[in-house]
Amino acid sequence: MKPTDSAAPASRLRRLVVPALPATIVLVAGLALATGVIVTLSEGDALFPGGSIGWSLAILTGIIVGHLVALGRDRWWGGTGSGAALALAVLLLYGWVPATLVSLSVVVLVGAARRHRWRQAVVHGAVDILGIGAAALGLAAFGVVSSVRHPWAPPAWNLAVLPEVVVTAAGYLFVSRGLLWVSLTPRTGQLPAIPRTAVLRQALVGIALLGISPLIAVCALHAPLLLPLFAVPLIALDSTLWIARARAEEQLRDPLTGLPNRQWLLERTWTALDDAERVGSRSALVLIDLDRFRSVNDTLGHLAGDRLLLQIADRLRHALPRGAEAARLGGDEFAVLLPTTDSLTSSQRVARNLVAALGSPLDLDGLTLVLEASAGVAVFPDHALDAEGLLRRADVAMYQAKRDRSGVELYEAKRDGNTPDRLGLLGDLRRALDAGDVELHYQPKVGFDGHVAGLEALVRWVHPDRGRVPPDEFIAIAETSGLMPRLTEYVLETALAQVARWRAMGLEVPVAVNVSPRDVHSPGFAGAVAARLARHRVPPGALQLEITEHVLLEDPQRAADTLAGLTAHGVKMSLDDFGTGYSSLVHLRRLPVSELKIDRSFVARLAVDNEDAEIVRCTLDLAHSLGLLVVAEGVEDDETWERLRDLGCDAVQGWLVAAAMPPDETTAWLRARGERGWQRESETAALAAEKAAERPSGQVLN
């Protein structure tokens, strides 16, 4: 399956360039450090100061590393003030090679302590090398080139040295933070929320560098044994920065459940997609929505609803597979990110397990409640190449699961009416309806005695550029876009006009028209059908409406009222696609139908599959016991015809009888079979052979 075209070309270019940038930074930094070390050693200089100053700096560095490791939190892009302040102080005194060693000690050792972040630690260290190098160049612009042998010792540490310190600190911050943002920011085109909030913290880091670094340098020159005491203000600086980070993280949490929110989910998804793309794996996003949760709030109150959401969130946490992460998007909508998934099937299986876990009974003050959930699944890179696209497609799949009452649905582009291509097709369909370019073809239904029991009107559309568009495709677009009532109106109007013409020719055959659940739920639908019948002067018995059991799933009462109104007007009802739903036996007692159509999926293997044959037999017995006629769809061969006849089916429809035909061909077909009805080719051949055998020998027919 190919990825969708949702990602812009610029985003695709960024996917090619950005993953190579960290490696380039590491390579350049490694070469720069190696060159600096070689040059320093070749000049006979030391890499790090010795004596009391060196030991004091080493002890101070060790205290800072120990503190950062003890924090137990992941560093953000080298965003601690302590390591930067210490590295800048060493840079001012002894040059960029010793400063780099201090920075690497902080960054790499902390990253190594968190082994799952070693890759980031390497990038952090490389960026710090380049940042310190840029700061050294800024210092050199003032004629200051320090080393261990020749440390920088200005005559006085006063305002006269402020320009050098400011330029050095600014160069370090600008280069190091800039490179990290570019190399580690996901492909969203903007910084994540925490770094975006933490940008303000960099002003604090800059002030700390200006204030603390010169003090550390002065203390190192005049009282080196006191250097470890600087651990107190440096640790205080880090603590202040971590508090600011924690507050930024709180903005990404749902206040009720404590789960991450939508903003966090999108940013975490971007990171997961970057990782998946780098290793060539898949990531999946599962969107979960509780069914009919609004009725809980309306019945028990919002406080009870909040308590139920807390239980749902807790249950979701415990049901997560290893590595998965959950978020609450708002209301009764949750999301689960699967950073790594093996296949489309495995991600769908995880979603089913989560839905099953949420569907277990919940206890609320002794009241047992069962809340069902629907989930949609979208997978990278099969369905989308970016986080926003993945979330939107999971949302499309979730609403499809709600409509079909299937529990879990995997995203399918052909059922998504919001892609650019399908939006264009929607506009073309609307114009085709206005211009009358959508056609109706008619497929006969015949009894086993050859009598034509009726015709089914089927929509056909030939696009001027795309050619023939499959009905499933453009009908799905109409259903998801709000164009379905307009399409149904067009089909009814066209079919009734054709019925009127046939009746004027003496061809009185009922025509069936498919209507969607949305049509049945529309106020005044029964009255509108009756008005059209009257306008075309077609008796109600000449029209049959085919519905599916889904009409009772969303608003059972309104659907029942509409169907009762149609029946009262004399319009016959047929239940289509029987056996493909989830509660057909229950609905058969509630739907005022006179005919039942067995879905082609059961008919296709009737002659070779005993289980399908048993299902068809039971369906026939049930329908006949309720006084319903039964039509089998998709009949394509004589053997299936004979099995259905033996089982007692009333009528058949399919290619064995005839394919769907345009109105003119249908008229000719009806006239040709008006007297003797329809007969199979095998029966016609046998009858001709029988008549030939009965003729006297030598008789010639004119």
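The basis for the numbers below is simple: all heavy atoms, side chains too, and nothing from hydrogens, waters or symmetry mates.
- One finds the NE2 atom of H536 at 11.5 Å from the CD atom of Q498 (value rounded to the nearest 0.5 Å).
- For the pair R393 (side chain) and H383 (backbone), a donor-acceptor distance under 3.5 Å is present.
- Residues E372 and L358 are not in side-chain contact: their nearest non-hydrogen atoms beyond the backbone lie 4.5 Å or more apart.
- Between W641 and F448, the distance separating the two ring centers is shorter than 6.0 angstrom.
- No donor-acceptor contact under 3.5 angstrom links the side chains of T548 and D576, judged on distance only.
- Between the side chains of T640 and D637, at least one donor-acceptor pair of N or O atoms lies under 3.5 Å.
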Determine, stepwise, if the pair V657 / V652 fulfils side chain to side chain contact (heavy atoms under 4.5 Å, CB included). CA-CA 8 Å; V657 178; V652 298; 3.9 Å; yes

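- Within the 3.5 Å criterion, the main-chain N or O of L622 finds a donor-acceptor partner in the side chain of S625.
- Side chain of D646 to main chain of R643: no donor-acceptor pair is present (N/O by atom type, distance under 3.5 Å, no hydrogens or angles).
- Side chain of R315 to main chain of S360: a donor-acceptor pair is present (N/O by atom type, distance under 3.5 Å, no hydrogens or angles).
- A heavy-atom distance below 4.5 Å is not found between the side chains of L391 and T269.
- Looking at R307, its side chain never comes within 3.5 Å of a backbone N or O of L310 through a donor-acceptor pair.
- L390 contributes atom CG, which lies 9.5 Å from atom CG of L385 (distance to the nearest 0.5 angstrom).
- The pair R328-E333 fails the salt-bridge criterion, with no side-chain N (NZ, NE, NH1 or NH2) lying under 4.0 Å from an Asp/Glu carboxylate O.
- With respect to the salt-bridge test (charged N to carboxylate O, under 4.0 angstrom), the residues K597 and E633 qualify.
- Using a cut-off of 4.0 Å between Lys/Arg side-chain N and Asp/Glu carboxylate O, R532 and E489 are scored as salt-bridged.
- Listed by chain and residue number, E614, D621 satisfy the salt bridge (charged side-chain N to carboxylate O under 4.0 Å, His left out) test with R617 (two or more places apart in sequence, or in another chain).
- A distance of 9.0 Å separates CD1 in I547 from CG in L566, rounded to the nearest 0.5 Å.
- Side-chain atoms of D289 and S374 form no donor-acceptor pair, as typed in the model, at a separation below 3.5 Å.
- The CG atom of L309 sits 11.5 Å away from the CG atom of L316 when rounded to the nearest 0.5 Å.
- Here K572 does not pair with E546 in a salt bridge; the nearest charged N to carboxylate O distance is not below 4.0 Å.
- With T666 contributing its side chain and M661 its backbone, the two residues share a donor-acceptor pair below 3.5 Å.
- Judged as a side-chain hydrogen bond (donor to acceptor under 3.5 Å, both in side chains), and not counting sequence neighbours, T562 has no contacts.
- The local environment of CZ in R537 is sparse, with at most 12 non-hydrogen atoms from other residues, nucleotides or ligands closer than 6.0 Å.
- Under the 3.5 Å distance criterion, with hydrogens and angles disregarded, no donor-acceptor pair is assigned to the side chains of Q348 and T345.
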